[in-house]
Structure formats: structure tokens, C-alpha cells
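Report on the structure given below.
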Amino acid sequence: VAVTTSGRSEIVIVGGGLAGSAAAAVLAGQGRDVLLLERDTEFTDQAKGEWLAPWGVAEAQRVGVIDFLLAAGGWEIRTLVNWDGVIDPADALTQDMTEFTPGVGGPLGFALHQVCTMLATQAGFAGAQVVMGARKTTVVPGPEPVVRYEADGRAHEVRARLVLGAGGITRPVGRQVGVGVTTSVHHWGGALAVEGLTDWPADVQAYGTDGDVMFIVAPQGYGRVRLYLNFAFETRRRFQGPDGVRQFLDAFDLRCLPYGKQIAASTPAGPMRIGPAIAGVLDGSPVAEGVVLIGDEAGFNDVILGTGLANALRDVRIVTELLAENRDWGPATFQPYCDERRTRMARLHHGARIICQLNAEFGPAAVARRRRAIALMTQNRMLRVFALLSIVAPEDVPEFGFSEFIIDRLLPTSTGPGGAS
Ligand SMILES: Cc1cc2nc3c(=O)[nH]c(=O)nc-3n(C[C@H](O)[C@H](O)[C@H](O)COP(=O)(O)OP(=O)(O)OC[C@H]3O[C@@H](n4cnc5c(N)ncnc54)[C@H](O)[C@@H]3O)c2cc1C
């Protein structure tokens, strides 16, 4: 398609997920000239993250988008319970999640696609141009980056001062501007929203491992609950086929999980997503000339930690602050973002690997190791320090949580984070 329009925008944002739509709303609200390009024609439930860690809630407050999360049904969860196959349900470790982040209660559950819809709409109200259904987007980095895309059967070319790459895990912008990522997969996972689960205690989130699955149950209020499962690579095909959703729900009917039978009998309320749980470490910097990557485009954790949304909001906060504070938007301006993100992600990857080895490995050796680790953590709660990574910001987790000592104590048969076990 020949280019039919050409123009300028101060900031072009590629991708309207939480990172992109929040950045668009914030920047348009500051009076910036923003073009938001989203590939999909509308936001729909993609069965991705819908649980926001308390430190992410704090970021949403700071950057000014908390009202959108609440308007999309933001449901506060207060207690975390570890119901696990190796212990009696009555002895489950519980954790009050509301007492760690000043000014914030517990984590929030919400409908992510509704948040993105509202943020993109708000960006439009504030003057941004929002293009849904933008296809074949290409980005040429440089002091004056160029973005080309197709929409409504026409080809467009836009010159920008800055491009924010927010296209998620497939990294449409990062790949084009030559920022590589090293990926690893520890296990597979799945997600599904259900409704009609009125028995489930509405402010309790649960996780645990039993048999050949690790489960996470995250309530969203009024009987709606987000279900996540993690399982071994070797069993990755188990939820394929016409009975896949049924089998996914049945997998929650576990001896260790109160209300497991009710979960199995609940009603699906959206699509099921099954796929590898991928962690991605950027090979270089999330900044190129004229381009800054945010959200999953800038590197992503194994979703077992549930911090992708908090990461996205922190990225938006830091990058929009740097844009507001600096006239020069060259790569050097974003060095504080690059440094902070590298340190943040190193800590999150570390915590995710411990949780993967502890909770998402299966078979007799893994069961024995988990039984031993839970007994140790019951005796001495300080050993759960790494679990704080899902609750408080990574820099607020004590250094002790990242020591070899913790790994040696909890995972004595492991060769360290990411090592064979
Ligand atoms: C099963 C699962 C469970 C998860 N659970 C949690 C959780 O509980 N808590 C948590 O914090 N995180 C969780 N995550 C991670 C979380 O969903 C992501 O980290 C988060 O959505 C990243 O936001 P983003 O805006 O960077 O990317 P995305 O949400 O992926 O948004 C990217 C957007 O860019 C668009 N796009 C892609 N390519 C193009 C293109 N070429 N041009 C224009 N637009 C494009 C996409 O359509 C999409 O709208 C989970 C992820 C998965 C898969």
C-alpha cells in the first residue's frame, strides 16, 4: 500500500497494553502530542495478567492511573494462603499482604482489557490520536525516528521526537531496533477467568502445588476469580482439545485446596490461554536512538511472580518523569531508567527462579524438597524473604533475600537459581 498520509507526532507509542495505554493517558494528560498505535481493533480478554502487586498499585497511584484500575473493577485482595499437597490445609502458611506498602492495601485484581480500553479512551479525550487496528508497524530509529503503519486500508508515515515501544512479549519494536532478548522456559502455564464462585473467600488469594500442577487462585469480586496453573513441559499438551477447559477446571479439584470442587464446577468467563512461561532478559539496553522500550518489550519475568503489570507501571512512571524533567530526549537522558530496570529485573528473575524450583517442579524429589522447605519456612518465616518480591518493590526486599544462604537452605539439591536440580 503506497503511503497516503505523512505527518508528525511528538511521541508515538506502539502497543496499547497496560504499558502503552497508561503512557498514552499520562503523556496526553501532560499536553504532549501523542499517537497511540494498537494492533488489535479492540481490547479483549487475552487471559494474561490481571493481578497487580501492591508495589504496582503504589506505582499506579504515583503516575495517576489508579482510578482506571478501580473503575475496571479493581478488587483488593488481602490474604495469601499457601495450600499445598505436602501439608494439612489447616497448617497452611498465610500472609497478610496489606501491611507492606505505605498508602496501599493489598494487591488488586481487575479486568485488564477494560483498564486498557479506559486508558486509551482517556488518552483520546486528552488529545492523543488513538489508532486501533494499526498493522504492519515499522520503526526506523534515529534522532528523528520514523514510524510507518497501515490502518483503514491506507499507509501512514509519521516522524516523531520519540517512539515508546510497548508491544509486549513479541517485542515488535525491540526486534526492529536491534535490541535482543535471551529467553528461557522453566515450565508451562495457563490462565482462565471463571464466575459463579461465590463460596471462595473474596479477599483470599491462594497458591500451592499438588501432584503435577501448581495453582494460583486470585479473586476479582462478586464470584469472579482468575485461575492460573503451572505444569511441567512434558505435560504441556494436557489441556489441548475440545475438553481442555473442562480438564483445566478439573485440575483444581485437589485434596489440599478448599473449594477445589466448587472451582471445578465454576463457569468459564473468558478464553483460556495455555503456553510456555517465558522469562526474557534483554541482551542490551531498552533504549536506542529515538526509541525507549517499556513494559514487556523491555524484558519480562516468568509470570509465576505476577509482576509484569507492576513493571509496566513503574516503567511508565520513570520514563514519563524523565520526559517531563529533561528537554534533551537523547539516549543518555534515559540512563537512570536503564540502570534501575536492570537491577530491578535481576532481583525479580532471581526470586522467580526460586519460586519456580520450589513450586513448579514435580515428582518425588521435588515433593521432598518442598516438604522440607515449607517446614523450614514454617519454623523461620524470615526464610520466605524472597516471596516478598510479589508484594513489595524489588529494591525494598532485604539483601538477605538474594543471598546464596537462602538458596542453600531452601534448595539444597539445586545448583542455584536457574541451575539443575
Ligand atoms: C498467563 C499469564 C498470566 C500473567 N499473570 C500476571 C499477573 O497475575 N500479574 C502481572 O503483573 N503480570 C502477569 N502477567 C504478565 C502481564 O500480563 C504482562 O507483563 C503485561 O501484560 C505486560 O504489559 P505490556 O503493556 O508491556 O504488554 P501487553 O499487555 O502484551 O500489551 C502489548 C500490546 O501491544 C499490542 N501490539 C503487539 N504488537 C503490536 C504491533 N506490531 N503494533 C501495534 N501494537 C502491537 C498488543 O496487541 C497489545 O495490546 C501474566 C502473563 C501471562 C501470559
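Just follow the structure's listing: the first ligand is 1, and inside any ligand the first atom is 1.
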* Enumerate the atoms of ligand 1 whose separation from the nearest heavy atom of Gly168 is less than 4.0 angstrom. => 27 (O), 30 (O), 32 (C)
* **Proximal ligand 1 atoms for Thr137, defined as those under 4.0 Å from one of its heavy atoms** => 42 (N)
* Structure fact -> Thr307 heavy atoms within 4.0 Å reach ligand 1 at atoms 10 (C), 11 (O)
* Quick check: does any side chain N or O of Arg317 sit under 3.5 Å from a backbone N or O of Val63, one acting as donor and the other as acceptor? -> no
* Protein heavy-atom partner closest to atom 15 (C) of ligand 1 - residue, atom, separation in Å -> Val303 CG1, 4.0 Å
* Asked: When you measure from the side chain of Gln95 to the backbone N and O of Leu80, does any donor-acceptor pair fall under 3.5 Å?
  -> no
* Could you find the nearest protein heavy atom to atom 9 (N) of ligand 1 and give me its residue, atom name and distance? => Trp51 O, 2.7 Å
* Asked: Considering residues at least two apart in sequence or located in another chain, which fulfil the side chain to side chain donor-acceptor pair (under 3.5 Å) criterion with Asp250?
  -> Arg246
* Just checking, is any N or O donor in the side chain of Asn326 or Thr333 under 3.5 Å from an acceptor N or O on the other one? -> no
* Charged N to carboxylate O below 4.0 Å: is that the case for Glu76 and Arg78? -> yes
* Nearest-0.5 Å distance, OG1 of residue Thr320 to CG of residue Leu164 -> 9.5 Å
* In the protein, which heavy atom is nearest to atom 11 (O) of ligand 1, and how far is it? -> Leu309 N, 2.7 Å
* Are any of the N or O atoms of Ala19 closer than 3.5 Å to those of ligand 1? -> yes
* **atom 7 (C) of ligand 1 [closest protein heavy-atom partner, distance rounded to 0.1 Å]** => Gly49 CA, 3.5 Å
* **Backbone or side-chain N or O of Leu18 under 3.5 Å from ligand 1 N or O** => yes
* Are Arg255 and Asp210 ion-paired here, with the side-chain N under 4.0 Å from a carboxylate O? -> no
* Asked: Which atoms of ligand 1 have any heavy atom of Val14 under 4.0 Å away?
  -> 42 (N), 43 (C)
* Which residue owns the protein heavy atom closest to atom 19 (O) of ligand 1, what's the atom, and how far is it? -> Asp296 OD1, 2.9 Å
* NZ/NE/NH1/NH2 to OD/OE distance under 4.0 Å, Arg347 and Glu395 -> no
* Structure fact -> Logged contact type for Ala218 with ligand 1, heavy-atom cut-off 4.0 Å, is neither
* Asked: Is the cationic atom of Arg236 (NZ for Lys, CZ for Arg) positioned less than 6.0 Å from the six-membered ring centroid of Phe233 and within 45 degrees of its normal?
  -> yes
* **Within-shell test, Leu52 vs ligand 1, heavy atom, strictly < 4.0 Å** => no
* Asked: Against heavy atoms of Leu37, which atoms of ligand 1 measure under 4.0 Å?
  -> 43 (C), 44 (N)
* Asked: Under 3.5 Å, N or O to N or O, is Pro172 touching ligand 1 that way?
  -> no
* Would Phe110 and Trp51 count as a close aromatic pair, with their ring centres under 6.0 Å? -> no
* Structure fact -> In this structure, atom 3 (C) of ligand 1 is nearest to the protein heavy atom Tyr228 CE2, 3.5 Å
* Looking only at distances, please establish whether an N/O atom of ligand 1 is found under 3.5 Å from an N/O atom of Glu38. => yes
* Rounded distance (nearest 0.5 Å) linking atom CZ of Phe68 with atom OG1 of Thr117 -> 12.0 Å
* Asked: With sequence neighbours left out, which residue pairs that include part of residues 246-303 fulfil the ring-ring contact (aromatic ring centres under 6.0 Å, His included) condition?
  -> Trp200-Tyr259, Phe239-Phe248, Phe248-Phe252
* Pull out every atom of ligand 1 sitting under 4.0 Å from any heavy atom of Gly306, numbered as shown with elements. => 7 (C), 9 (N), 10 (C), 11 (O)
* **Per-atom contacts of ligand 1 with Gly308, taking only distances under 4.0 Å to non-hydrogen atoms** => 10 (C), 11 (O), 12 (N), 19 (O)
* Determine, for Arg161 against Asp33, whether the closest basic-nitrogen to carboxylate-oxygen distance falls under 4.0 angstrom. => no
* Check the side chains of Gln357 and His186 for a donor-acceptor pair under 3.5 angstrom, ignoring hydrogens and angles. => no
* With a 4.0 Å cut-off on heavy atoms, does Tyr149 reach ligand 1? -> no
* Answer with side chain, backbone, both or neither: which part of Ala53 has a heavy atom less than 4.0 angstrom from an atom of ligand 1? => neither
* Asked: Tell me: protein heavy atom nearest atom 34 (O) of ligand 1, and distance?
  -> Gly15 CA, 3.2 Å
* Asked: What protein heavy atom is closest to atom 44 (N) of ligand 1, reported as residue, atom name and distance in Å?
  -> Arg39 N, 3.1 Å
* Under a heavy-atom criterion of less than 4.0 Å, does Gly189 contact ligand 1? -> no
* For ligand 1, which atoms, with element, lie under 4.0 Å from some heavy atom of Gly295? -> 26 (O)
* Asked: If you measure from atom 31 (O) of ligand 1 to every heavy atom of Cys116, Gly16, Gly17, which option wins on shortest distance?
  -> Gly17
* Is there a donor-acceptor pair under 3.5 Å between the side chain of Glu10 and the backbone N or O of Leu35? -> no
